[in-house]
Participant: 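Okay, here's the structure, questions in a sec.
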Amino acid sequence: MESVIEYLNRAPLVAWMLVISIGYTVGRLSWRRVGLGPAAATMFVAIWLGYLGVGSATAQRDASLLGNFGLALFIYSVGFEAGPRFFTSFRDRSGWRFVLVGSSVCAIAVATALIVGWAFGFDGATVAGILAGSLTSASTLGAASEITAERADLSISFALTYPVGLLGLVLMVQTLPGLFSDDLEQDADAAEQRLSRHRRQWHVDHESDSPEVTRTFEVADAEVAEQTLRELDLARRTGCVVSRIHRNDEMVVATADAKLEIGDFLVVTGRVDELREFQKVVGPEVNRSFHNNMPRPRRVRVRARAAGKSLAELKISARRCVVTRIERGNVLIEPGADVVLRRNDIVEVVGRRRDLRAVADMLGHMESSNRETDIAVYSGGILLGLLLGRVELSLGDVDLRLGMAGGLLIVGLVLSRLGHIGRLRTQVPQEAQQLVRDLGILLFVTDIGLHSGASLVGGIAHAPWKVLIAGAIVMKLSVLGALFIGRRTLKLRPIDAWGSVCGGMTSTAALHAVRRVTDSSEAAISYAAAYAVATVLATLAGQLVVHVMG
């Protein structure tokens, strides 16, 4: 064992890649869609290996530059990802209530963390770590690490309280609605009933409902053949939606007037039980793929002209196109007919090229098919953020500076919101954003985790039980306070209040828990609105508590 540790200390980059590989693998493990996540798992692995002696100060001196580089990538990515939704969330007619609930989570968490910190005698780094862990927010941890010298206390308190914030919130989602007589499932059922009414008009109004699965069926029933989709009214009878018809190696858009023929292959979307009903009416399911014949989905970014309108109002399918999904930030929204589009939503649409252009003009503009990232623009944004963070403003005897986190966050928000500067595109594909964000946070937590593990050899400054209790108090009061504001003050539906709270906690695990309870993605709409603003506030909150606690 000693020889392995000695080798890793001679090759610090090997040690870092080992930590990230193990941590990321462990973080992807989950039970009922609840897991530590790559960042927290990597932190635990780094602390453990650091405690064993990996990552001595001499060995890590040069490699730690990667940690700071990773932090810069991560904070910039947080701002870049939140930018499009951050600004529009404040202008939404109904979304501002979701934003207010999500913001109240952060505000209550900060106030509670400060009070608990003073009561237990914690230092600023420990309080910031408790806040970050309670909110399950890696961006809070990253921003706080920039301005504190006690990184070991920061990371250890984060590692102790992160499971409390993660599991505690999921358990609250599963138990509190019943105690408060908040029937989340009834809310979801009501939403489903509204959706069913739109399904009834599917082939009259040409609207779509997003599926959970997509299958192909062959028309084999003679009574079905020679009838139009309007006459068959399959959406009302089965709950399924026919998106495409393939006939003699040609694709036909499934309009209401499309007449079926024996031997047609129908691409159908719906839940599993609905697909069984569809099969009874139309014909057997077949194992055939039409990807070569299917038009490629195009991504359309929603602008002001379509924002605030539902899919039912826009009548996209009347233009012989089908909406396959909606992206709102990093959240997927089921494109039911009653879903209201927001500015900067990404709508994926399938149809013929001419029809797609008409839909794109109606909604906003079609995203470029070029999926490359302009590295010069991206790195230039990071450079601008770093320089902005070093600018000092003097107000009397007080010198103010945004710092690296503040500068990167602001530039990321602005550049992603603009989309382009002249002919320079600032947009980055979603896949590239996720890669940079994940790589950045993993490099950062590996750095501070290895150093913190080494500090554990001499013991930690505060009793672990005090840190755990503090984390539980911060998490519980933040959730309960925000729920009270959402339900009693803002009169939100239970499912919207819980979605907003999960967004304020930046917890996708809790959102999945709400989805399991309700068997619906209805909460994703309020989650997306709250998440964009809460991510920014949580990032700044880490530095705030360090400053206040001195």
Participant: I'd like to know if the side chain of R298 reaches the main chain of V349, judged simply by a donor and an acceptor atom lying under 3.5 Å from each other, with no hydrogens or angles considered.
Facilitator: no
Participant: For M17 versus L443, what's the shortest heavy-atom pair and its separation?
Facilitator: CE-CD2, 4.4 Å
Participant: How many angstroms lie between atom CG of L71 and atom CD1 of I441, to the nearest 0.5 angstrom?
Facilitator: 7.5 Å
Participant: Is any side-chain heavy atom of F44 less than 4.5 Å from a side-chain heavy atom of P163?
Facilitator: yes
Participant: Mind checking whether V267 and V242 have side chains closer than 4.5 Å, heavy atoms only?
Facilitator: no
Participant: If I compare all heavy atoms of G308 with all of V340, which pair ends up nearest, and what's the gap?
Facilitator: C-CG1, 3.4 Å
Participant: Which pair of heavy atoms, one from S103 and one from L537, lies closest together, and at what distance?
Facilitator: OG-CD1, 3.5 Å
Participant: Kindly determine whether T446 and V45 satisfy side-chain contact (heavy atoms from CB on, under 4.5 Å), including the steps that lead there.
Facilitator: CA-CA 8 Å; T446 298; V45 173; over 6 Å; no
Participant: Any sub-3.5 Å donor-acceptor pair from R237's side-chain atoms to L232's backbone N or O?
Facilitator: yes
Participant: When you measure from the side chain of R305 to the backbone of G364, do you find a donor-acceptor pair of N or O atoms at a distance under 3.5 Å?
Facilitator: yes
Participant: Side chain of T539, backbone of I75: donor and acceptor closer than 3.5 Å?
Facilitator: no
Participant: Side chain of Q279, backbone of R276: donor and acceptor closer than 3.5 Å?
Facilitator: no
Participant: Does V479 reach the side chain of W498, with side-chain heavy atoms less than 4.5 Å apart?
Facilitator: yes
Participant: For the pair D361 (side chain) and A358 (backbone), establish whether a donor and an acceptor sit closer than 3.5 Å, ignoring hydrogens and angles.
Facilitator: no
Participant: Begin from the C-alpha positions of M43 and L141 and carry the test side-chain contact (heavy atoms from CB on, under 4.5 Å) through to its verdict.
Facilitator: CA-CA 11 Å; M43 171 77 80; L141 175 75; 3.6 Å; yes
Participant: Grab the two heavy atoms, one from L415 and one from G381, that are nearest each other, plus how far apart they are.
Facilitator: CD1-CA, 3.8 Å
Participant: Let's go through L260 and L266 carefully: what are the C-alpha distance in whole Å and the side-chain angles of both, what is the deciding distance for side-chain contact (heavy atoms from CB on, under 4.5 Å) to 0.1 Å, and is it a yes or a no?
Facilitator: CA-CA 9 Å; L260 300 185; L266 310 183; 3.8 Å; yes
Participant: With distance as the sole test, does S137 use its side chain to make a donor-acceptor pair with the main-chain N or O of A538 at under 3.5 Å?
Facilitator: no
Participant: I want to check something: taking the side chain as every heavy atom from C-beta on, are E81 and Q434 in contact at a cut-off of under 4.5 Å?
Facilitator: no
Participant: Look up atom CG in L169 and atom CG in L135, then write down how far apart they are to the nearest 0.5 Å.
Facilitator: 10.0 Å
Participant: So do the side chains of D496 and F98 get within less than 4.5 Å of each other, counting heavy atoms only?
Facilitator: yes
Participant: How long is the gap from CZ on R97 to CG on L490, to the nearest 0.5 Å?
Facilitator: 7.0 Å
Participant: Give, for atom NZ of K280 and atom OG1 of T238, the distance between the pair rounded to the nearest 0.5 Å.
Facilitator: 11.5 Å
Participant: Which atoms form the tightest heavy-atom contact between M505 and T136, and what is the distance?
Facilitator: O-OG1, 3.2 Å
Participant: Check the pair V268, T216 against side-chain contact (heavy atoms from CB on, under 4.5 Å), reporting the backbone distance first and the verdict last.
Facilitator: CA-CA 6 Å; V268 182; T216 303; over 6 Å; no
Participant: Working to the nearest 0.5 Å, report the span between OH of Y162 and CG of L167.
Facilitator: 9.5 Å
Participant: Looking at D345 and R342, does any basic side-chain N land under 4.0 Å from a carboxylate oxygen?
Facilitator: no
Participant: Grab the two heavy atoms, one from L73 and one from G440, that are nearest each other, plus how far apart they are.
Facilitator: CB-CA, 4.2 Å
Participant: Please check this pair: side chain of S416 against backbone of L413, looking for a donor-acceptor N/O pair closer than 3.5 Å.
Facilitator: yes
Participant: Under a plain distance cut-off of 3.5 Å, with no hydrogens placed, do S77 and Y378 share a side-chain donor-acceptor pair?
Facilitator: yes
Participant: Nearest 0.5 Å, what's the NZ-CD1 distance between K491 and I485?
Facilitator: 13.0 Å
Participant: Taking C-beta and beyond as the side chain, do L409 and V536 meet within less than 4.5 Å on heavy atoms?
Facilitator: yes
Participant: Mind checking whether Y76 and F80 have parallel, tilted or perpendicular rings, split at 30° and 60°?
Facilitator: tilted
Participant: Can you tell if the side chain of L363 reaches within under 4.5 Å of the side chain of R303, non-hydrogen atoms only?
Facilitator: no
Participant: Do the non-hydrogen side-chain atoms of V101 and V501 ever get within less than 4.5 Å of each other?
Facilitator: yes
Participant: For L492, is there any backbone N or O sitting under 3.5 Å from a side-chain donor or acceptor partner on R487?
Facilitator: yes
Participant: Evaluate salt bridge (Lys or Arg N to Asp or Glu O under 4.0 Å) for E327 paired with R299, printing each intermediate quantity in order.
Facilitator: CA-CA 10 Å; E327 295 178 11; R299 295 162 59 86; 2.9 Å; yes
Participant: Could you go step by step and tell me if F217 and F265 meet the ring-ring contact (aromatic ring centres under 6.0 Å, His included) rule?
Facilitator: CA-CA 6 Å; F217 295 85; F265 294 99; over 10 Å; no
Participant: Between the main-chain N or O of A376 and the side-chain N or O of S379, is there a donor-acceptor pair closer than 3.5 Å?
Facilitator: yes
Participant: Could you check whether F74 and F444 have their ring centres less than 6.0 Å apart?
Facilitator: no
